[in-house]
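Working notes for the structure below.
The residues of the chain are indexed from 1 along the displayed sequence.
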Amino acid sequence: MEKEPLIQYLHKTVELGADHFEGRESLSFGKLSKQEWNNLFYKHLDQHLIQFGVP
C-alpha cells in the first residue's frame with residue numbers, strides 16, 4: 001500500500017517547514033516561493049486523491 005509512505009512524506013515536509021521551500025527550484029517551474037510550493041503540493045496531491053477516488 002502507498003498510504004504509509006505518503007503519510008511519512010507529508011510528516012517530513014511539515015518537519016522541514018515552509019521556509020525550507022522558499023526560493024527552491026522546481027524542475028518544471030523554476031524558483032518558487034514557499035506559498036507557490038504550498039499551492040503546488042496541495043493541487044498535485046488533491047488531483048491524485050481525486051484520480052484514485054480517495055474520500
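The shortest distance between side-chain heavy atoms of L32 and R24 does not fall below 4.5 Å. With contacts defined as side-chain heavy-atom distances shorter than 4.5 Å, the pair N38/Q35 qualifies.
Considering every non-hydrogen atom in both K31 and E36, the closest pair reads O-OE1, 4.3 Å.
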Per-pair distances, 0.1 Å, donor-acceptor, side chain in residues 44-51, under 3.5 Å, sequence neighbours excluded:
residue	atom	partner	partner atom	Å
H44	NE2	H48	NE2	3.2
H48	ND1	Q51	OE1	2.9

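Looking at residues two or more places apart in sequence or on another chain, you find a side-chain contact (heavy atoms from CB on, under 4.5 Å) between F41 and Y9, T13, F21, W37.
We find the CG-NE2 distance between L6 and H11 to be 9.5 Å, quoted to the nearest 0.5 Å.
No donor-acceptor pair closer than 3.5 Å links the side chain of E22 to the backbone N or O of S33.
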